[in-house]
Each structure stands twice: as C-alpha cells, then as structure tokens.
Amino acid sequence: MKIWFNIVFLLLFQVASAQNKYWVILTDKGPDCNQNSLVTCRDEGVYLPYLQQLQELSLPIVHQSRWLNAVTIASTQNPEALDTLPVVQ
C-alpha cells in the first residue's frame, strides 16, 4: 500500500510541475501614473487593464510584483502571444 501511495504521489507531482513559469515585465504603470512622483508610482499595483490583457490570452497569473511592475505566468507551452502585446517589454 505504501509503495502505491509513493508512486501516485510521484506521478501527481510530475503532472503538477509540468507547467513552465515565465517572468513578464510590463512597460509602465498605466496612463494614470504620474511619472514625476516616484513614490506614488512605485506603490501602485500592476495596472489592472494590463492584467486583463494577459488573462484574455488564457495565461494564468501566478504572482504580481507591484514594485518591479511584473507578473509571473504559468503556461504549459511557450507563450508566443506575449510578443504581440505592446504592454510587455
């Protein structure tokens, strides 16, 4: 019984780790951010319409970094669709 449990656990772990994660750096904080006020811009989160554009491409967002203005996405394939977005550096 213990051997079967270990085999099932290893198989599930292999399937769960099959997704690749990509770090996506965005161009800016959005049109409403005042670039002269660095403290305000740095403290704002990732611009919501940019996140929605990524989600429309069926790219699940794993993590957001508001200070680095970037997100981590998970994908089973290489996300070439990111090249078409003007908000991605």
Exercise. How far apart are the closest heavy atoms of E44 and K29, and which atoms are they?
Worked result: O-NZ, 2.6 Å
For this session: Any side chain to side chain donor-acceptor pair (under 3.5 Å) involving residues 60-71? Give me the pairs, sequence neighbours left out, ordered by first then second residue.
Result: none
For this session: State, to 0.1 Å, how close T84 and A81 come at their nearest heavy-atom pair, and which atoms those are.
Result: OG1-O, 2.6 Å
Exercise. What pair of heavy atoms forms the shortest contact from P86 to T27, and how long is it?
Worked result: O-CG2, 3.5 Å
For this session: Output all residues satisfying side-chain contact (heavy atoms from CB on, under 4.5 Å) with E56, sequence neighbours left out; order by chain, then residue number.
Result: none
Seminar exercise, completed: Note: with side-chain heavy atoms under 4.5 Å as the link, the other cluster members for V88 come out as Y22, V24, L26, V46, Y47, L48, Y50, L51, L54, L57, L59, I61, V71, I73, L82, L85, V87
